[in-house]
Student: 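To start, I am sharing the structure in question, which I have written as structure tokens.
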Amino acid sequence: MSTTETSEAINEKDLDYFCKLVNQEIGVQLGDKAYLIESRLQPLLQDFDIATISELISKMRLGDRKVQAAAIEAMTTNETSFFRDQHPFETLAKHLIPGLLDKTGGRLTIWNGACSSGQESYTLAMTLRDHFPQLCSSGRARIISTDVSPAMVARTQAGSYSRFELNRGLPANDAIKHFDQSGRRWVAKEELRNMVEAREMNLLNPWLSIPKCDLVLLRNVLIYFTVDVKRDILRRIRTEVLAPHGCLLLGASESTVSLDSEYESRRVDNSAFQFIKGASS
Ligand SMILES: C[S@@+](CC[C@H](N)C(=O)[O-])C[C@H]1O[C@@H](n2cnc3c(N)ncnc32)[C@H](O)[C@@H]1O
């Protein structure tokens, strides 16, 4: 394989076809970021023993599902960290979870949609373990963690992180308290892993395995979708998933404003939480 072939630029027709495919399958809008797309497709050439990006796209056009799935997965942005934005987790522990537990009789079902490699789910698990230990030992807390990427779901299931990943947001005391060192990796303790149920799920498909939830975290994923997809997902969370007393936490740059007027945004301490309008809380 020559260098010219591997660094070949994606042509306009292929770019258009591929952007439409990704949008149709997972809702992500790639825009015209040709350079980003090329650099993320490049490693697949070796995986599938294919010489050029145009050949890779031809295989997709011919319906090769393996190549399509790998190429689509390569377009997901999996950026995440422990205690991302910090404030919401403090607010959950101090104010919101105690109120939710009063409503549920001491149980908590949480859906962490788009969980990436699991740092967000384990942040929730540590928060529960530290502030509500009775929930964890009695199996009364579930954190259902889903992502469209099989690789991210496997990582969430394993709960295993590098030192670099730990250093992004996890205080040293929490690392020692909640993780076991295994060679160069740090693995979440069994009591945390028992709370986190990782599953593959595309937000565009029916959410058959998601029960009624007291709390939904769907952070930093709506930003990748079209307005119509954002609206549909917010409506489905409100009508299919959230318990009447429940609340939704979005990413710091996301909101329900001009997308779904049936949510009421309430600021608690420094964080905004979305409640169903008129529902008890
Ligand atoms: C930037 S990460 C956000 C991770 C975490 N929620 C956080 O805020 O740190 C976005 C995640 O959304 C996932 N994703 C993208 N499209 C999706 C879809 N259609 N269904 C489910 N997950 C999707 C990606 O695989 C990626 O792991």
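In each ligand, atom 1 is the first atom listed, and ligand 1 is the first ligand listed. Numbers here are sequence positions counted from 1.
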Student: Below 3.5 Å, N or O to N or O, backbone or side chain included: is there any such pair between Arg84 and ligand 1?
Tutor: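 Yes, there is a polar N/O contact under 3.5 Å.
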
Student: Around atom 8 (O) of ligand 1, find the nearest protein heavy atom and jot down its residue, atom name and distance.
Tutor: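 For atom 8 (O) of ligand 1, the nearest protein heavy atom comes out as Asn220 ND2, 2.7 Å.
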
Student: If the cut-off is 4.0 Å to any non-hydrogen atom of Ser116, which atoms of ligand 1 fall inside it?
Tutor: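 Answer for ligand 1: 4 (C), 27 (O).
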
Student: Is Tyr224 close to ligand 1, meaning an N/O of one under 3.5 Å from an N/O of the other?
Tutor: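 N/O-N/O distance below 3.5 Å does not exist for this pair.
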
Student: Tell me the contacting part of Gln119 for ligand 1: side chain, backbone, both, or neither, using a 4.0 Å heavy-atom threshold, strictly below.
Tutor: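 Neither; nothing of Gln119 gets under 4.0 Å from ligand 1.
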
Student: For the residue pair Ser54 / Asp14, report whether a side-chain donor-acceptor contact shorter than 3.5 Å exists.
Tutor: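 There is no such pair (donor and acceptor under 3.5 Å, judged by atom type) between the side chains of Asp14 and Ser54.
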
Student: If you apply the rule side chain to side chain contact (heavy atoms under 4.5 Å, CB included), what do you find for Leu45 with Thr52, and how did you get there?
Tutor: CA-CA 7 Å; Leu45 299 182; Thr52 64; 5.8 Å; no

Student: Do the side-chain N and O atoms of Thr146 and Arg199 include a donor-acceptor pair separated by under 3.5 angstrom?
Tutor: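 There is no such pair (donor and acceptor under 3.5 Å, judged by atom type) between the side chains of Thr146 and Arg199.
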
Student: Strictly below 4.0 Å, N to O, side chains only: are Arg65 and Glu25 in salt-bridge contact?
Tutor: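 Salt bridge present between Arg65 and Glu25.
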
Student: Name the one of Val196, Thr109, Asn112 that satisfies side-chain contact (heavy atoms from CB on, under 4.5 Å) with Ile144?
Tutor: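 The single option meeting the side-chain contact (heavy atoms from CB on, under 4.5 Å) with Ile144 is Thr109.
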
Student: Using distance alone, determine whether Ala114 and ligand 1 share an N or O pair under 3.5 Å.
Tutor: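 Checking ligand 1 against Ala114, an N or O pair does fall under 3.5 Å apart.
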
Student: Identify the closest protein heavy atom to atom 22 (N) of ligand 1: which residue and atom is it, and at what distance?
Tutor: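 Here the closest protein heavy atom is Val148 N, 3.3 Å.
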
Student: Can you report which non-hydrogen protein atom sits closest to atom 2 (S) of ligand 1, along with the distance?
Tutor: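 Here the closest protein heavy atom is Thr77 O, 3.2 Å.
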
Student: Which of the numbered atoms in ligand 1 are below 4.0 angstrom from a heavy atom of Thr76?
Tutor: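 Those atoms are 24 (C), 25 (O).
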
Student: Any carboxylate oxygen within less than 4.0 angstrom of a Lys/Arg side-chain nitrogen, looking at Arg40 and Glu73?
Tutor: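 So Arg40 does not pair with Glu73 through a salt bridge.
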
Student: Is there any N or O on Ile26 that sits under 3.5 Å from an N or O of ligand 1?
Tutor: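 Looking only at distances, the answer is yes, because the N/O contact criterion of under 3.5 Å is met.
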
Student: Output yes when Glu264 and Arg266 qualify as a salt bridge under the 4.0 Å nitrogen-oxygen rule, no when they do not.
Tutor: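 A salt bridge is present here (some side-chain N lies under 4.0 Å from a carboxylate O).
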
Student: For atom 9 (O) of ligand 1, what is the nearest protein heavy atom, given as residue, atom name and distance?
Tutor: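 It is Thr80 OG1, 2.6 Å.
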
Student: I'd like to check which ligand 1 atoms, numbered from 1 as shown, lie under 4.0 Å from a non-hydrogen atom of Asn78.
Tutor: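 Near Asn78, meaning under 4.0 Å from one of its heavy atoms, ligand 1 has 24 (C), 25 (O), 26 (C), 27 (O).
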
Student: Scan side-chain atoms only and decide if Asp228 and Thr226 contain a donor-acceptor pair under the 3.5 Å cut-off.
Tutor: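 The answer is no; no qualifying pair exists.
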
Student: Taking distance alone, with no angle check, do Ser149 and ligand 1 share an N/O pair under 3.5 Å?
Tutor: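 In this structure, Ser149 places no N or O atom under 3.5 Å from an N or O of ligand 1.
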
Student: In Å and rounded to the nearest 0.5 Å, what is the CD1 to CG distance from Ile143 to Asn194?
Tutor: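 It is 11.0 Å, given to the nearest 0.5 Å.
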
Student: Whether the Thr256 and Gln274 side chains hold a donor-acceptor pair (N or O, under 3.5 Å, no angle test) is what I'd like checked.
Tutor: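 Yes - a donor-acceptor pair under 3.5 Å links their side chains.
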
Student: Purely on distance, is any nitrogen or oxygen of Asp147 under 3.5 Å from one on ligand 1?
Tutor: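 N/O-N/O distance under 3.5 Å: yes.
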
Student: If you have a sec, work out which protein heavy atom is nearest atom 15 (C) of ligand 1 and how many Å separate them, to one decimal?
Tutor: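 Result: Val221 CG2, 3.8 Å.
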
Student: Which atoms of ligand 1 have any heavy atom of Met201 under 4.0 Å away?
Tutor: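 The list of qualifying atoms is 20 (N), 21 (C).
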
Student: Any side-chain donor paired with an acceptor under 3.5 Å for Ser116 and Thr80?
Tutor: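 The criterion, which ignores hydrogens and geometry beyond distance, is not satisfied for Thr80 and Ser116.
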
Student: Which residue and atom name correspond to the protein heavy atom nearest atom 20 (N) of ligand 1, and how close is it?
Tutor: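 Atom 20 (N) of ligand 1 sits closest to the protein heavy atom Leu203 N, 2.9 Å.
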
